[in-house]
Peer 1: 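The structure under discussion is supplied below as structure tokens; questions concerning it will follow.
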Amino acid sequence: MRSYFTPLTLLFGSFLTTIAQADTQLLVTTSANQGAQVQLTYPTAVRLEQAVQDGLVQLPKYNKTTSNETVPIYWLGAALLDIQNTAVLENKRKEALSELAKVGEASNDSIYIAKLAKLAQFLRQIKLGKRVMQPLDLDLIRITDSYNPLLDGHFELVLPPRPTTIVVAGAVARTGSYEWKLNTSSKDYLAKAQPLENSDGDFVWIIQPDGNAIKQPIAYWNAQAQDIAPGAVIYLEFSDLLEDYSTLNANIIELLRNRAL
């Protein structure tokens, strides 16, 4: 038997006195950048299918338009985050910020340093959770046993609406959000974000909203088309970095894969 806790109400059975603390906690929200709208607690581990289903029952109370219509969930951008085990990711963020600072210290160009600072600010603002890399659509969970694991710990379930933007970050002058447009290429988005001189002109990373990272060739000699979903992040690597900074790109890509909408 499970118990539900919301910010306003705790529903409990007659056996409540035997339960000191729930083992599994699930925060449910429509955006990783805001507080939990629903909090569910369970006395034992719970299957993902049950947790998602419970979240879907509660969330419509908060997921409304101004005309009181329920906003459809953008399942490609849905994310399950382990918010209890984030130490490794936080260390990667700390390393990335330290490396960016060192790159800036090695430069005498104040404009370039300001562009690095903008990327650092973006990385600081990412709310991190260890992402469970799997589909969260209930139909897929129900028919695939491997997509229905037991959850035991503290998790956040993000069930967002479909976004209208993508993010461009990395070795660009203008890290930030850009309007998503159908059939727009990564090179088109990069042109708006203005690649830096020490950017990699041969490849770009597309981190799709489900955390899938795709390395896309973009040079004239190796270019390949790649669909970019709403909510994706385009990451342009730094090139010609000193050996001490060789992990910078890998750390940032890992942070972006664990970022939720």
Peer 1: Looking at CG of N91 and OG of S98, how far apart are the two atoms once the value is rounded to the nearest 0.5 Å?
Peer 2: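 Reported value, rounded in 0.5 Å steps: 12.0 Å.
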
Peer 1: Has the side chain of E179 got a donor or acceptor atom that lies under 3.5 Å from a matching backbone atom of T164?
Peer 2: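 Absent.
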
Peer 1: Kindly indicate whether the side chain of M133, heavy atoms from C-beta on, has any atom under 4.5 Å from the side chain of R257.
Peer 2: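 M133 reaches R257 side chain to side chain.
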
Peer 1: To the nearest 0.5 angstrom, please state how far the CG atom of N108 sits from the CD1 atom of I113.
Peer 2: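 These two atoms lie 7.0 Å from each other.
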
Peer 1: Testing the basics here: between Q216 and S186, what is the closest heavy-atom pair and its distance to 0.1 Å?
Peer 2: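 Taking every non-hydrogen atom into account, OE1-OG, 2.8 Å.
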
Peer 1: For residues G201 and I218, report the shortest heavy-atom separation together with the two atoms involved.
Peer 2: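 Heavy atoms of G201 and I218 come nearest at O-CG1, 3.6 Å.
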
Peer 1: Carefully, step by step, assess Q208 and L76 under the rule side-chain contact (heavy atoms from CB on, under 4.5 Å).
Peer 2: CA-CA 8 Å; Q208 300 286 26; L76 183 63; 5.5 Å; no

Peer 1: Apply side chain to side chain donor-acceptor pair (under 3.5 Å) to residues T29 and E156 and explain how you reach the verdict.
Peer 2: CA-CA 8 Å; T29 181; E156 182 169 22; 4.9 Å; no

Peer 1: For the hydrophobic clusters of this structure (ILVMFWY residues joined by side-chain heavy atoms under 4.5 Å, transitively), does one cluster hold both V168 and F203?
Peer 2: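 No, because V168 and F203 fall into different hydrophobic clusters, even though each may have its own neighbours under 4.5 Å.
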
Peer 1: Kindly indicate whether the side chain of Q226, heavy atoms from C-beta on, has any atom under 4.5 Å from the side chain of V204.
Peer 2: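 The answer is no, as the side chains (C-beta and beyond) never meet within the 4.5 Å cut-off.
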
Peer 1: Any sub-3.5 Å donor-acceptor pair from E237's side-chain atoms to D200's backbone N or O?
Peer 2: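 It does not hold such a pair.
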
Peer 1: Show your reasoning for whether side-chain contact (heavy atoms from CB on, under 4.5 Å) applies to L136 and D210.
Peer 2: CA-CA 9 Å; L136 294 174; D210 60 358; over 6 Å; no

Peer 1: With distance as the sole test, does N258 use its side chain to make a donor-acceptor pair with the main-chain N or O of R131 at under 3.5 Å?
Peer 2: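 Checked: pair present.
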
Peer 1: Which residues pass the side chain to side chain contact (heavy atoms under 4.5 Å, CB included) test with R162, sequence neighbours left out?
Peer 2: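 R162: side chain to side chain contact (heavy atoms under 4.5 Å, CB included) contacts with Y74, W180, P230.
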
Peer 1: Might you point out which heavy atoms bring R47 and N148 nearest each other, and give the distance in Å?
Peer 2: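 Scanning both residues, the minimum pair turns out to be NH1-O, 2.9 Å.
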
Peer 1: Within this structure, what is the CZ-NZ distance for the pair R174 and K118, rounded to the nearest 0.5 Å?
Peer 2: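 Nearest 0.5 Å value for the CZ-NZ distance: 6.5 Å.
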
Peer 1: In terms of hydrophobic clustering (I, L, V, M, F, W, Y; side-chain heavy atoms under 4.5 Å; direct or indirect links), are I228 and Y235 co-clustered?
Peer 2: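 Not linked; separate clusters.
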
Peer 1: Are R259 and V167 packed together at the side-chain level, in the sense that at least one heavy-atom pair is separated by less than 4.5 angstrom?
Peer 2: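 Side-chain contact under 4.5 Å: yes.
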
Peer 1: Counting neighbours of NZ on K130 that are heavy atoms of other residues, nucleotides or ligands and sit closer than 6.0 Å, is the number greater than 12?
Peer 2: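 Atom NZ in K130 is not packed in, count stays at 12 or less.
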
Peer 1: Around N222, counting heavy atoms of other residues, nucleotides and ligands shown, do more than 12 lie under 6.0 Å from its CG?
Peer 2: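 Counting neighbours around CG of N222, more than 12 heavy atoms of other residues, nucleotides or ligands fall under 6.0 Å, so yes.
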
Peer 1: Under 4.5 Å between any side-chain heavy atoms of I143 and D139, yes or no?
Peer 2: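 Counting from C-beta outward, I143 and D139 never come under 4.5 Å.
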
Peer 1: Are any of the side-chain nitrogens in R93 or E90 under 4.0 Å away from the carboxylate oxygens of its partner?
Peer 2: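 Yes, this pair counts.
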
Peer 1: Grouping I, L, V, M, F, W and Y whenever their side-chain heavy atoms are under 4.5 Å apart, do I207 and F122 come out in a common cluster?
Peer 2: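 In one cluster with I207: F122, yes.
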
Peer 1: Using a cut-off of 6.0 Å, state whether more than 12 heavy atoms not belonging to D227 lie near its atom CG.
Peer 2: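 12 or below, so no.
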
Peer 1: Donor-acceptor pair, N249 side chain versus F238 backbone, under 3.5 Å?
Peer 2: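 Confirmed, N249 side chain pairs with F238 backbone.
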
Peer 1: What residue among D54, D23, T24, D152 forms side-chain hydrogen bond (donor to acceptor under 3.5 Å, both in side chains) with Y42?
Peer 2: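 Running side-chain hydrogen bond (donor to acceptor under 3.5 Å, both in side chains) over D54, D23, T24, D152 with Y42 returns exactly one hit, D54.
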
Peer 1: For the backbone of E49 and the side chain of R142, can you confirm whether one donor and one acceptor N or O come within less than 3.5 Å of each other?
Peer 2: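 It does not hold such a pair.
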
Peer 1: Cluster question for you: counting only ILVMFWY and a side-chain heavy-atom cut-off of under 4.5 Å, with indirect links fine, are V132 and L157 together?
Peer 2: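 In one cluster: yes.
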
Peer 1: How long is the gap from NZ on K94 to CG on N251, to the nearest 0.5 Å?
Peer 2: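 Rounded to the nearest 0.5 Å, the NZ-CG separation comes out at 13.0 Å.
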
Peer 1: What's the separation between atom CD1 in I126 and atom CG in N33, rounded to the nearest 0.5 Å?
Peer 2: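 Those atoms lie 9.5 Å apart.
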
Peer 1: Against L26, only a single residue in V46, L80, V38, I83 fulfils side chain to side chain contact (heavy atoms under 4.5 Å, CB included); can you say which?
Peer 2: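 The passing option is L80.
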
Peer 1: Could you measure the distance from the CG atom of L138 to the CD atom of Q53? Nearest 0.5 Å is fine.
Peer 2: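 It is 6.0 Å, given to the nearest 0.5 Å.
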
Peer 1: Without swapping roles, check the side chain of T86 against the backbone of L89 for a donor-acceptor pair under 3.5 Å.
Peer 2: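 Between the backbone of L89 and the side chain of T86 there is no qualifying donor-acceptor contact (under 3.5 Å).
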
Peer 1: Looking at every heavy atom in both G55 and V28, which two are closest together, and how far apart are they?
Peer 2: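 Looking at all heavy atoms of both residues, the shortest contact is CA-CG2, 4.1 Å.
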
Peer 1: Step through the shown structure and confirm whether more than 12 heavy atoms of other residues, nucleotides or ligands are within 6.0 Å of CD on E197.
Peer 2: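 At most 12 heavy atoms, drawn from other residues, nucleotides or ligands, come within 6.0 Å of this atom.
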
Peer 1: So T30 and P160, do their side chains get closer than 4.5 Å, heavy atoms only?
Peer 2: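 Heavy-atom side-chain distance check fails, nothing below 4.5 Å.
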
Peer 1: Is L119 reachable from L128 through a run of hydrophobic residues whose side-chain heavy atoms are each under 4.5 Å from the next?
Peer 2: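 Yes, L128 connects to L119 through the hydrophobic network.
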
Peer 1: Give the minimum heavy-atom separation between Y189 and I234, together with the two atoms involved.
Peer 2: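 Y189 and I234 have their closest heavy atoms at CD1-CD1, 3.5 Å.
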
Peer 1: Within the structure provided, determine whether W205 and L256 are in side-chain contact (heavy-atom separation under 4.5 Å).
Peer 2: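 They are not in side-chain contact.
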
Peer 1: Has the side chain of T165 got a donor or acceptor atom that lies under 3.5 Å from a matching backbone atom of Y178?
Peer 2: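 Not at all, since once roles are kept as given, no pair shorter than 3.5 Å links the two residues.
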
Peer 1: Are side-chain heavy atoms of L100 and L123 found at a separation under 4.5 Å?
Peer 2: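 Heavy-atom side-chain distance check passes, below 4.5 Å.
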
Peer 1: Contact between L236 and L190 at the side-chain level, heavy atoms closer than 4.5 Å - yes or no?
Peer 2: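 L236 reaches L190 side chain to side chain.
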
Peer 1: Determine whether L48 and Q134 satisfy the following criterion, side-chain contact (heavy atoms from CB on, under 4.5 Å), listing intermediate values before the conclusion.
Peer 2: CA-CA 11 Å; L48 177 59; Q134 70 154 76; 3.1 Å; yes

Peer 1: Can you name the closest pair of heavy atoms from L248 and A96 and give their distance?
Peer 2: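 Distance-wise, the nearest heavy atoms are CD1-O, 3.6 Å.
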
